[in-house]
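Accompanying notes for the structure given below.
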Amino acid sequence: MVTMDDVARLAGVSKMTVSNVVNNRGGVSEPVRRRVREAIERSGYRVNVSARTLRSGRTGVIGLAVPEIDRPYFGRLASHVIERARRRGFHVAIEQTGAAAAGEIDAIAHARTLQFDGLILSAVGLDGRDRTPPEGDHPIVMLGEQDFGGRFDHIAMPNEEATAAATAHLLDRGCRAVAHVTGRLDWNLNMVNARHRGHLGALAARGVEADPALHVGLDALTMEAGQAAAHRLAAGGRSFDGVLAVTDTVALGVLRGLADVGLRVPDDVRVAGFDDIAEAAYLVPALTTVAPDHAWMAEKAVELVTERIADPGRPTGRYVAPYELVIRESTR
């Protein structure tokens, strides 16, 4: 069995230096850290995680629980979280909750059972009323719109403000009948409701009356649903010259659906989305979208969960991500 002493001899450093690298402690230069890691790889040394956990009380692992891992937005968020956590010496374990309260409660339970040091949870099904997270002192940072009365550190999206900005942009581009393709407002999904409020607020601020016929509520926020929504709008007999999609994934489907019925973007209809997924810049036409600062959100979430790991009694806080409106071909 390869020991830490063997790694130290191979790397030409002390055993303490190897221990510092293995346990993600400071005081080691980056060149030496790389040399030790290379020695670990060449030697086949394996850390005794159980023994380290017993000594330190920590595993060096943070959980990240998201509704769906196959959605571009959550894939991008996870990539940022992994990178930010790595810089702080933590690994990330990812779990899918299915956007359901039961899945989110399971993710919290698994984080404790598997002895993760903390959890970053994108909560959709849980809320502050009848479906609440279990009590406990496990370090948790919440992403999304549920703040649970300040029980947890909370990072929110600028849903209402940013959607209002996107709607105002469509109006500034000359649109006078803007359809809103979104989720069902009776969902327990505050993101949908907040973005709809932002859309209506922007219309009211410009003196534009909202047309209920141009509100399309979807049963799922997918490309297929967005495509079907565009077909419904075109067949509905009500004129429209703009579409605001609740997410970029839905917007991708809207663009396809408009093309299906012979409507050109942006010549006939201007389209905007929300999330700035990687594909948005490469569509034809490229998609105008709200771009929340994903890197900021990931950095803040990792910062908050690691601070709570170190100091479980620190006060909680609520933080709203910055954003920008990225203007591309779909509204030009």
Full working for side-chain contact (heavy atoms from CB on, under 4.5 Å) between Ile62 and Arg84: CA-CA 11 Å; Ile62 294 170; Arg84 267 54 182 188; over 6 Å; no
Can a donor-acceptor pair be found between the side chains of [X] and [Y] at a distance below 3.5 Å?
X: Thr331; Y: His169; value: yes
X: Asp6; Y: Thr3; value: yes
X: Thr163; Y: His199; value: no

What residues form a salt bridge (charged side-chain N to carboxylate O under 4.0 Å, His left out) with [X], not counting sequence neighbours?
X: Glu83; result: Arg86, Arg87
X: Arg42; result: none
X: Arg232; result: none
X: Asp311; result: none

Has the side chain of [X] got a donor or acceptor atom that lies under 3.5 Å from a matching backbone atom of [Y]?
X: Thr288; Y: Ala272; result: no
X: Glu104; Y: Val124; result: yes
X: Asp241; Y: Cys175; result: no
X: Asp211; Y: Ala213; result: yes
X: Glu324; Y: Ala291; result: no
X: Gln96; Y: Ile69; result: yes

Ring centroid separation His294 to Tyr73 under 6.0 Å: yes
Carefully, step by step, assess Tyr319 and Trp296 under the rule side-chain contact (heavy atoms from CB on, under 4.5 Å). CA-CA 11 Å; Tyr319 310 85; Trp296 181 92; 3.9 Å; yes
Tell me every residue that passes ring pair (Phe, Tyr, Trp, His ring centres under 6.0 Å) with Phe240, counting only those two or more places apart in sequence or in another chain. none
Ring pair (Phe, Tyr, Trp, His ring centres under 6.0 Å) filter on His196, not counting sequence neighbours, yields His180, His215
Is there a side-chain contact (heavy atoms from CB on, under 4.5 Å) between Asp293 and Met297 once you walk through the steps? CA-CA 6 Å; Asp293 194 331; Met297 292 177 67; 5.7 Å; no
Hydrophobic clusters here meaning ILVMFWY residues chained together by side-chain heavy-atom distances under 4.5 Å, can you tell me if Val269 and Leu170 are in one? no
Please tell me whether Leu252 and Val326 are part of a single hydrophobic cluster in this structure, the criterion being side-chain heavy atoms less than 4.5 Å apart. no
Ion pair present between [X] and [Y], side-chain N to carboxylate O less than 4.0 angstrom?
X: Arg76; Y: Glu279; value: no
X: Asp153; Y: Arg314; value: yes
X: Glu303; Y: Lys300; value: yes

Sequence neighbours excluded, which residues qualify as side chain to side chain contact (heavy atoms under 4.5 Å, CB included) partners of [X]?
X: Pro266; result: Arg270
X: Ala100; result: none
X: Gln227; result: His231, Arg256, Asp260

Summary of side-chain hydrogen bond (donor to acceptor under 3.5 Å, both in side chains) pairs that have at least one residue in residues 242-254, sequence neighbours excluded: Asp248-Thr289
Does atom CD of Glu41 have more than 12 heavy-atom neighbours from other groups under 6.0 Å away? no
Going by heavy atoms in the side chains, are [X] and [Y] under 4.5 Å from each other?
X: Phe274; Y: Pro292; value: yes
X: Pro67; Y: Ser122; value: yes
X: Val21; Y: Val7; value: no

Identify, with sequence neighbours excluded, every residue that meets side chain to side chain donor-acceptor pair (under 3.5 Å) alongside Arg332. none
Taking side-chain contact (heavy atoms from CB on, under 4.5 Å) as the criterion, tell me which of Leu283, Val284, Leu255 meets it with Val265. Leu255
In short, salt bridge (charged side-chain N to carboxylate O under 4.0 Å, His left out) pairs touching residues 167-181 with sequence neighbours left out are Asp172-Arg206
I would like to know whether Phe90 and Ile309 meet side-chain contact (heavy atoms from CB on, under 4.5 Å); could you show each step before the answer? CA-CA 12 Å; Phe90 286 87; Ile309 291 167; 4.1 Å; yes
Where is the tightest heavy-atom contact between Ala245 and Val250, given as atom of each residue plus distance? CB-CG1, 4.0 Å
